[in-house]
Amino acid sequence: METAMEYGSIERELHIDASPEVVFEVLSSPEHIREWWSAETTAFEPAAGATARLTWTDQDTGRQQSAPFTVVEADPPRTFSFRWTYDETETEAAGPGNSLLVTFELVPAGTGTTVRFRESGYRERGWEAAVLEAHYNDHRQGWDFYLPRLVATADRLAAAR
């Protein structure tokens, strides 16, 4: 018997052998985002309301995919969250119903950090079922690839300090 997936949010918990301050820097700095998320990022301040653009380039074809994002909360070294995958042509700012919300909660754990990751807002987008499922699965696979790279980048940065 198959069970239908909820497609409500993607959640992961990771341990990083780096302080919350280092992890926050890796999450919110264009130079480090480039390393773990493979995205070029326009300059931005890690502060609520800041906007920027993420651009990924396919190394084989040179094709670029770009997405705007807006910082929702930046509380160093505890929380970094942003909204993304919204249509820039809309007159409304990124918010519930027109974007996905990504939240990284950083909790000290011994000499390292527990990262509680959550991406939500899929159902609120109002996508038809097939589109919802495709976006959800694409993001789930993407985060399963990129989050371990976040861990490695933060671990490497911490070891270099």
Verdict with supporting geometry, E105 and R78, salt bridge (charged side-chain N to carboxylate O under 4.0 Å, His left out): CA-CA 6 Å; E105 180 185 352; R78 294 186 281 276; over 6 Å; no
Worked check of side chain to side chain contact (heavy atoms under 4.5 Å, CB included) between L27 and W37: CA-CA 9 Å; L27 288 170; W37 210 2; over 6 Å; no
Evaluation steps, side chain to side chain contact (heavy atoms under 4.5 Å, CB included), between T57 and Q65: CA-CA 6 Å; T57 303; Q65 181 179 355; over 6 Å; no
Residues V26, L150; criterion side chain to side chain contact (heavy atoms under 4.5 Å, CB included); working and verdict: CA-CA 7 Å; V26 169; L150 165 67; 3.5 Å; yes
Check against side chain to side chain contact (heavy atoms under 4.5 Å, CB included), R125 and L100: CA-CA 8 Å; R125 293 297 308 263; L100 299 178; 4.2 Å; yes
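In this structure, the side chain of N137 engages the main chain of E133 through a donor-acceptor pair within 3.5 Å. A distance-only check finds a donor-acceptor pair linking the side chain of N98 to the backbone of A93 [under 3.5 Å]. One N or O on the side chain of S28 and one on the backbone of F24 form a donor-acceptor pair closer than 3.5 Å. With hydrogens and angles disregarded, no donor-acceptor distance shorter than 3.5 Å links the side chain of D58 to the backbone of R63.
For the residue pair R149 and S38, a side-chain donor N or O sits within less than 3.5 Å of a side-chain acceptor on the partner. Between the side chains of T55 and S66, a donor-acceptor pair is found at a separation under 3.5 Å. For E11 and W143, the side-chain atoms include no donor-acceptor pair closer than 3.5 Å.
Taking the six-membered ring for Trp and the full ring otherwise, the centers of F104 and F80 sit at least 6.0 Å from each other. A ring-centre distance under 6.0 Å is found for F69 and F82.
The CD atom of E31 sits 10.5 Å away from the OG1 atom of T153 when rounded to the nearest 0.5 Å. If you take CD1 on I10 and CZ on F117, they are separated by 6.0 Å, rounding to the nearest 0.5 Å. The distance from atom CZ of R34 to atom CG of L54, rounded to the nearest 0.5 Å, is 11.5 Å. Separation of atoms CG (L14) and OG1 (T113) is listed at 10.5 Å; rounding is to 0.5 Å. Once rounded to the nearest 0.5 Å, the distance linking CZ of R140 with CZ of F145 reads 15.0 Å. Rounded to the nearest 0.5 angstrom, S29 OG and E35 CD are separated by 10.0 Å.
Between Y136 and S9, the closest heavy-atom pair is OH-O, 3.2 Å. The two atoms that bring A154 and I16 nearest to each other are CB-CG2, 3.5 Å, heavy atoms only. Minimum heavy-atom separation, P30 to A43: CG-CA, 4.4 Å. For the residue pair R123 and L132, the shortest heavy atom distance occurs at N-CD1, 4.1 Å.
Looking at E40 and R53, no side-chain N of the basic residue comes within less than 4.0 Å of a carboxylate O on the acidic one, giving no salt bridge. The residues R83 and E73 are annotated as not salt-bridged, no charged nitrogen and carboxylate oxygen being separated by less than 4.0 angstrom.
Of the candidates W84, Y7, Y146, H139 forms a ring-ring contact (aromatic ring centres under 6.0 Å, His included) with just one, namely W84.
For the ring-ring contact (aromatic ring centres under 6.0 Å, His included) test, residues two or more places apart in sequence or in another chain that qualify with H135 are W127. In this structure A109 satisfies the side chain to side chain contact (heavy atoms under 4.5 Å, CB included) test together with H15, T114, sequence neighbours excluded.
Within 6.0 Å of the CD atom in E45, the count of heavy atoms belonging to other residues, nucleotides or ligands does not exceed 12.
Put simply, the side chain of V107 reaches to within 4.5 Å of the side chain of R116, judged on heavy atoms. Counting only heavy atoms from C-beta outward, the side chains of T79 and L106 never approach each other to under 4.5 Å.
Hydrophobic cluster membership for V72: L101 (Ile, Leu, Val, Met, Phe, Trp, Tyr linked by side-chain heavy atoms under 4.5 Å, directly or transitively).
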